[in-house]
K.L.:
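Encoded as structure tokens, here's the structure I'll be asking about.
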Amino acid sequence: MNLNRLRRNLARQVTIAYALLSGVWILVSDRLLESAIEYPEQFAYLSILKGWLFVFVTSGILYGLLRQSERSLQESHNLLKEIIEGTTDAIFVKDSRGRYVLVNSSAAQILGRSARAIVGQNDFDFFAPEVAAQFQETDRSVVESGISYTLEERVPGGGETRIFWSNKYPWRDLRGRIRGHIGIARDITEKKRYEQEREVLLRELRQKNQELDALNKVTENAICTLDLDRLLNVLLDRIVAVIDADAGSIFLHQDNRLKVAAQTGTLRTDAAYQMAIANQVAIATTATTQLLNFKGVDGNSSPLEYRVLGIPLKRSNQLAGVLQVEWHDAHTCTESEMHLLEITAERCAVSILNAQLFERTEQLKSLLQLQFERMPIGCIIHNRDGYFTNFNPAAEKIFGYSKAEVLGSHPCDLIVPESLRSDVEEILRRLAAGDMNAHSVNQNLTKDGRTITCEWHNTPLTKPDGEAIALMSMVQDVTERMEAEEQLRKYAYYDALTQLPLRQLLLERLEKLVQNAGEDPPLFAIAHVDLVRFKSIKYTLGYELAEKLLVAIADRLKSCLPPSAMLARVGVADEFVILLERVENRDAAIQFVRQLGTVFAEPFDLDGHKVFRRARIGLALSSDCPGSSEELLQAADLAIHQSGKSDDTSYAIFSPEYKVHADRQLQLDTAMRRDFKAGAFELYYQPIVCAETLKLVGLEALIRWRNGAEMVSPAEFIPLAEETGFIIPLGLWVFRQACGQFRRWRSQYPAIAPLFVSVNLSVVQLTQPNLISQIDAILQETGIPPEKIKLEITETAVMNNAEYVSGILEDLKSRHLRLCIDDFGTGYSSLSYLHNFPFDTLKVDRSFVNRLDSDRKSVEIARTIALMARSLDIELVAEGIETPEQLRQLQALNYKRVQGYLFSRPVPPSVLEPYLETCDRAFSVGGS
């Protein structure tokens, strides 16, 4: 207002000054011209010139003044604009109708448009109607009242609402009339946010202080106690008091169940119902390990709402139990209360877990002491100097001293013999140093003066850093055990049945001979005696008589021993070894083995049973087998296998070639088992023909083994299979395959119905207890009539096991199976002996057939066999026919069935099948 008045006065003063100066100039100039100019025409001319000069000069002065005023005004305008635009506050000017007249860039940014686009618009062009109406209401109040307003305004925009601190005051013209209003708005959104955050922090701080005060009230002094019951009651009373609850309970885990450990407060009248609810809340809280807020209604005549809050008592995911508080009214639990309870529950959990740990530690200490007292072996605790500090009842029983008598004493003063005291003191010293554990068996003294043998286990009890704090000794009285072990040692070295040394004692004695051999070692030998088919005695006469036989054999062998010789029993049951420590020469050792054969010449009398036994003997001389004691025994064992070529008692002397042969047998056995699994075995069939018609009457199934590109001879692998026992699965496979093939042929070629198939049966198979059941199973499986199966058994197998085999053959015959004695003539049986066995067929060995051309005796024997077979009604078959002449001789001797290369070699099934279509096709002499 004063500035405008100053401006108006200045303009008035300038105008008056200009008028005065102009008048003075005209008056003075005219007077000067009148006085100086005589002619009126010159005066008039000069007056005009003077007037123009005045106008020109005054115009220049006025122009200069106006330009200066304009520059000053522009500078003021620029200064004002920079001030308006430079501020972060929004500045705007509105006219009386609410239209924007002026806005700075901050205001334009808020409105989201340029300043030019905003001028002339009103708030309804930028804001929602309700917001714009509120702004215009404030603007109208400023214009109408002419009073400035200061207020907070909220401006929505850009996805958020901004808060502004606005100053609005009237805009007046030079006459003081209100033309609108001017507004300055400052964005205080962040300030407000900071103020709100500060309020939240202050509120949280006040809450924390309250919780801390409450927590201190709950836990002060109570945390220090380790008495669990007292701790629970104190904590629960304080918690209920702090949160103003009506009742409270603490449930703890005991025996995998939640049990009430403490209660306080007032229970409702329905106490049983209340406890049921409390238990369910506690179980749910345990299951979820989360705070559980339960709201319920009392079911009495006047229902009342109540509140139960369950809080898990846990620390680091270890759940100790459940804290439960209850209000008997519609109490609303605030977040502050819940948070306080959670913090308090965690503190309580720590205290409870500590108290429980202390309680368990005390129980463990009691348990450990109880275990120490109840240990069945002596347990003794020493201090670092070795003096007794604890002595359990088992130790008291061992040494006869009571615990009170030994405490504070040193072992060397009571239980250690004088001769051992220095050793014991050294052991105790090293134990105290922590550098050893000691185990020993030594003599000790008892209170009554006896000397006993004790076994000690001593160990230092150390801290984590390795420092020994005490020593522990565990002791047992092993006096009786040592005596028993000595007796057991005797049992380990001597056979209980024959009282002969066992293998271990033999090896020790043999090892001494091997180790003491110098540059010119003395000759010694091993004779390994293996009883032939001893198992048949057990199967026929029983185990008791078999043992008596072993004792009788041992007695006879001992009677043949030279001085310094040693007889030992080795193997499972039927093997003996004789160690000849001093042998003059090789011949002397051989002579001893020959004499040894006479032991088995006479029968053994076993409770009225006269039993003949044969043995195979393997002899190994130290000069032929330098090496360890085990290698020498192995050499004698290898020689046994070479001695089995003869049926009589025989012997063989070890030769290095036996080892090579044994290695070959091992390789062959491995390959045989491998190829059997791989399906490398197959069956060939050799025809059995009628001697008169040369037509097919039967087939013999013969196993063949293709090992890679070559065929392995049955004469090589079948004896090996019998020796190793592999003949059992192999023979069973042959029987199953033969029956299966014969069944398929019978279905495909009906003409072969009269034919039979022969299958060889090994002596090893005959001794198997389950042979009959296996044959029954295969016959049932394949459906072959038993009378179409002929089982061929060698004469040697029958004669060597006559008593046992007889029963087996009867069982087979009772199943209508046909039985054939194979290789007849290779054994020592008489023809008259045949009537004791149920054979249907007798197959003459090829050795007789081969000699028919050259040996007249063989012809007579063949004729006799034929006559005897016919008289016994036994079918006769000759095998090994290779020439037409042999066939004619056998036909002349009335042999009905023949078999051999003359007709056909053993062939695969596919080669044989053309003969099976009609069975009327005769074999041509010469074979195929």
Side-chain angles (χ1 to χ4, degrees), residues 1 3-4 73-207 334-335:
M1 183 69 70
L3 181 60
N4 292 335
L73 182 61
Q74 186 64 40
E75 290 176 357
S76 298
H77 180 269
N78 289 341
L79 177 61
L80 179 61
K81 184 177 180 181
E82 288 177 1
I83 292 173
I84 292 174
E85 292 296 332
T87 182
T88 57
D89 295 343
I91 299 176
F92 57 88
V93 179
K94 295 181 183 179
D95 61 15
S96 58
R97 298 175 63 182
R99 293 177 297 185
Y100 286 95
V101 178
L102 173 69
V103 291
N104 68 348
S105 59
S106 297
Q109 185 178 1
I110 293 171
L111 296 176
R113 297 187 189 178
S114 66
R116 182 176 298 177
I118 295 172
V119 173
Q121 305 294 322
N122 60 31
D123 290 327
F124 286 95
D125 296 319
F126 307 106
F127 304 107
E130 61 275 10
V131 176
Q134 183 179 357
F135 289 163
Q136 288 203 352
E137 179 65 28
T138 305
D139 297 346
R140 191 178 300 112
S141 298
V142 174
V143 171
E144 290 177 356
S145 65
I147 301 173
S148 299
Y149 278 76
T150 301
L151 72 160
E152 284 186 6
E153 291 182 314
R154 298 182 179 273
V155 180
E160 63 175 340
T161 299
R162 311 291 295 181
I163 304 173
F164 292 88
W165 182 254
S166 300
N167 291 312
K168 296 182 178 182
Y169 50 90
W171 170 35
R172 301 175 186 273
D173 60 11
L174 295 177
R175 297 181 179 180
R177 292 177 297 183
I178 297 176
R179 299 185 57 187
H181 72 278
I182 301 171
I184 302 174
R186 176 168 294 172
D187 189 346
I188 60 171
T189 304
E190 296 301 322
K191 178 182 177 183
K192 282 291 186 181
R193 183 177 294 118
Y194 293 148
E195 289 178 352
Q196 291 175 356
E197 291 176 355
R198 186 184 66 177
E199 287 297 324
V200 171
L201 291 174
L202 290 174
R203 208 163 41 245
E204 290 179 352
L205 182 59
R206 286 193 293 271
Q207 181 179 344
T334 64
E335 291 186 6

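Values in this document were obtained by computation on a predicted structure and should not be read as measured data. No hydrogens, no waters, no symmetry mates; every other heavy atom, side chains included, goes into these values.
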K.L.:
Val131 versus Pro156: any side-chain heavy-atom pair under 4.5 Å?
P.N.:
yes

K.L.:
Under 4.0 Å between a side-chain nitrogen and a carboxylate oxygen: does that hold for Arg198 and Glu195?
P.N.:
no

K.L.:
Rounded to the nearest 0.5 Å, what's the gap from CD1 on Ile184 to OG on Ser166? Could you check?
P.N.:
10.0 Å

K.L.:
Any idea which heavy atoms bring Arg179 and Asp173 closest together, and the distance?
P.N.:
CD-CB, 3.4 Å

K.L.:
Any salt bridge linking Asp139 with Lys94? Criterion: basic side-chain nitrogen under 4.0 Å from a carboxylate oxygen.
P.N.:
yes

K.L.:
For the backbone of Asp89 and the side chain of Asn104, can you confirm whether one donor and one acceptor N or O come within less than 3.5 Å of each other?
P.N.:
yes

K.L.:
Less than 4.5 Å apart, any side-chain heavy atom of Lys191 and any of Trp165?
P.N.:
no

K.L.:
Are there over 12 heavy-atom neighbours, none belonging to Gln134, within less than 6.0 Å of that residue's CD?
P.N.:
no

K.L.:
Hey, could you give me the CG/CD1 distance between Leu102 and Ile118, rounded to the nearest 0.5 Å?
P.N.:
10.5 Å

K.L.:
Could you check whether any side-chain heavy atom of Glu152 comes within less than 4.5 Å of a side-chain heavy atom of Ile188, counting everything from C-beta outward?
P.N.:
yes

K.L.:
For residues Thr138 and Lys168, determine if any side-chain heavy atom of one lies less than 4.5 Å from a side-chain heavy atom of the other.
P.N.:
yes

K.L.:
Check whether any side-chain heavy atom of Gln121 lies under 4.5 Å from a side-chain heavy atom of Phe126, and answer yes or no.
P.N.:
yes

K.L.:
Between Tyr100 and Asp123, do the side chains contain an N or O donor and an N or O acceptor separated by less than 3.5 Å?
P.N.:
yes

K.L.:
Is it the case that more than 12 heavy atoms not belonging to Tyr194 sit under 6.0 Å from its OH atom?
P.N.:
no

K.L.:
I need the Arg154 CZ to Ile163 CD1 distance, nearest 0.5 Å.
P.N.:
3.5 Å

K.L.:
Are Arg162 and Glu153 ion-paired here, with the side-chain N under 4.0 Å from a carboxylate O?
P.N.:
no

K.L.:
Main chain of Thr87, side chain of Ser106: is a donor-acceptor contact present, judged purely on distance under 3.5 Å?
P.N.:
yes

K.L.:
Which heavy-atom pair separates Val155 from Phe164 by the least distance, and what is that distance?
P.N.:
CG2-CD1, 3.5 Å

K.L.:
Distance from Asn167 atom CG to His181 atom NE2, nearest 0.5 Å?
P.N.:
11.5 Å

K.L.:
Taking the side chain as everything from C-beta on, heavy atoms only, tell me whether Ile182 gets closer than 4.5 Å to Phe92.
P.N.:
no

K.L.:
When you measure from the side chain of Ser96 to the backbone N and O of Gly180, does any donor-acceptor pair fall under 3.5 Å?
P.N.:
no

